[in-house]
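Just so it is clear, the model here is predicted, and its values are computed rather than measured. So that the names make sense, note that chain A is the first sequence line, chain B the second, and so on, each numbered from 1.
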There are 2 protein chains.
Amino acid sequence: MSNKSKPPLTLSQSQEDYLKAMYLLAGCGGIVHVRDVAEKLDVKKPSVVAAVKNLADKGLITHERYGSLSLTNKGKIIAAEVCERHRVLFEFFNKVLGVDKETAEKDACLVEHYISPDTKRRLFKFIEFVHRFPSEEKDPRWLDHFRSYMATGRTDICAGTKEKTV
Amino acid sequence: MSNKSKPPLTLSQSQEDYLKAMYLLAGCGGIVHVRDVAEKLDVKKPSVVAAVKNLADKGLITHERYGSLSLTNKGKIIAAEVCERHRVLFEFFNKVLGVDKETAEKDACLVEHYISPDTKRRLFKFIEFVHRFPSEEKDPRWLDHFRSYMATGRTDICAGTKEKTV
DNA sequence: ACTAAAAGTTAGATATGTCTAACAAATCAA
DNA sequence: TTGATTTGTTAGACATATCTAACTTTTAGT
């Protein structure tokens, strides 16, 4: 029985970005090239090569010299988690807070690297909650109220319409 | 008329952390030492000295050799903004999502560096909204529903207990 | 099959931000 | 006031992550 406890495998923001880019570029079984990653992340190829070496050492991707890149199962799992964090944040910023898509996207791209699993989970639940109540069809009334509040800065919705007929 | 347009003055995460630490340590006119900052941020003194030089060059703090540190007005304004972002995020994570204080604190510390002004503003409004509706005394009903949903994963509040007796 | 273009790699520079070790200044205690 | 302790600084190492320039390998066109 090996007593070497594996290190917790934390990735830097940069490393998560590379992994996510490869994951998204790969799509369903597609082939990923250094070139594509460089383009997607707007960095030069040597930067990608360095990152690739890094992630390969961590067992998250495989790479044969002068060949193509692919994610290991472990890499896919982690990349999917990053994407999920991104999605949840984007939804919250855009759908709930009403941040425009472009800004929501940028914020999500940065913030996704830093929220804890618990916060992510709760945010996920929150969005689920928003989408389900009172029905999947329309936003809950309180969200409409919030939007009004954002727009007008006024608090007269509740005062006037206190007991709402749902 | 000088045609040198001033650069937009963006701070790195690290720089914001140093500025915030000094701001909080200074409190109301208190004196801040390199030592204190190092302790607060859990770094060594030479790291603080490097950061101090950096922030002083940007006109955010002043520092006389072997003496104490103080924030300029500009520095105070920026530090206050960072603190505000922190507060807003903490409140949201803790009060709305129900994340435990420690985690909410950690998440806020990281995320505070990355949310855009607009997202911060909306989050601020959101929290204000939560605190005001239906009254300043108690949480809005939908938030109770969300908590239930978090706890039970069930969607039967609206269906079964539509009009909840609080 | 050969050559030119494209893609990948290496080496080495730069920037940031951290550290340790050694040194300098200030403060404190006797 | 002087010597020890604390505090601040400098120099230099290291890690990460980026870049450019030069090189190698692969691919594609003819």
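- Of the listed nucleotides (C:dT18, C:dT9, D:dG8), C:dT18 has the atom at the smallest distance from the side chain of B:Val43.
- One atom, CG of A:Asp17, and another, C1' of D:dT18, lie 14 Å apart when rounded to the nearest Å.
- Of the candidate nucleotides C:dG17, C:dC19, C:dA25, C:dA25 has the atom nearest to the side chain of B:Tyr66.
- When each of A:Gln13, A:His86, A:Arg85 is tested with A:Glu112 by the rule side-chain hydrogen bond (donor to acceptor under 3.5 Å, both in side chains), just one qualifies, namely A:His86.
- Nearest nucleotide to the B:Ser14 side chain, out of C:dA7, D:dA17, C:dT18: C:dT18.
- Rounded to whole Å, atom C1' of D:dT25 lies 14 Å from atom NE2 of A:His33.
- Distance from the side chain of A:Gln15 is smallest for D:dA17 among the nucleotides C:dT18, D:dT10, D:dA17.
- When the P atom of D:dT7 is taken as reference, atom CD1 of B:Ile31 falls 14 Å away, rounded to whole Å.
- A:Arg65 has its CZ atom 18 Å from the P atom of C:dA7, to the nearest Å.
- When rounded to the nearest whole Å, the span between CG of B:Leu55 and P of C:dG17 equals 9 Å.
- Nearest nucleotide to the side chain of A:His63, out of C:dG8, C:dT18, D:dT10: C:dG8.
- Ring geometry for B:Phe126 against B:Trp142 counts as tilted: the plane angle lies between 30° and 60°, on a 0 to 90° scale.
- Here C:dT18 is the nucleotide among C:dT18, D:dT18, D:dT9 with the atom lying nearest to any side-chain atom of B:Ala50.
- Side chain of A:Ser47, nearest nucleotide from D:dC19, D:dT7, C:dT9: D:dC19.
- Contact between the side-chain N/O atoms of A:Tyr18 and the OP1/OP2 oxygens of D:dT16 is not found at any separation under 4.0 Å.
- OP1 and OP2 of D:dT16 both lie 4.0 Å or more from every side-chain N or O belonging to A:Asn54.
- The NZ atom of A:Lys45 sits 18 Å away from the C1' atom of D:dA17 (whole-angstrom rounding).
- Using modelled atom types and a 3.5 Å distance limit, the side chains of A:His131 and A:Asp139 yield no donor-acceptor pair.
- In this model, a donor atom of one side chain and an acceptor atom of the other lie less than 3.5 Å apart for A:Asp100 and A:Thr103.
- The six-membered or imidazole ring of A:Tyr18 lies away from that of A:Tyr23, with a centre-to-centre distance of 6.0 Å or more.
- Counting to the nearest Å, the P atom of D:dA17 and the NZ atom of A:Lys53 are 14 Å from each other.
- Taking every side-chain heavy atom of A:Lys44 into account, D:dT20 is the closest of D:dT20, D:dT9, D:dT18.
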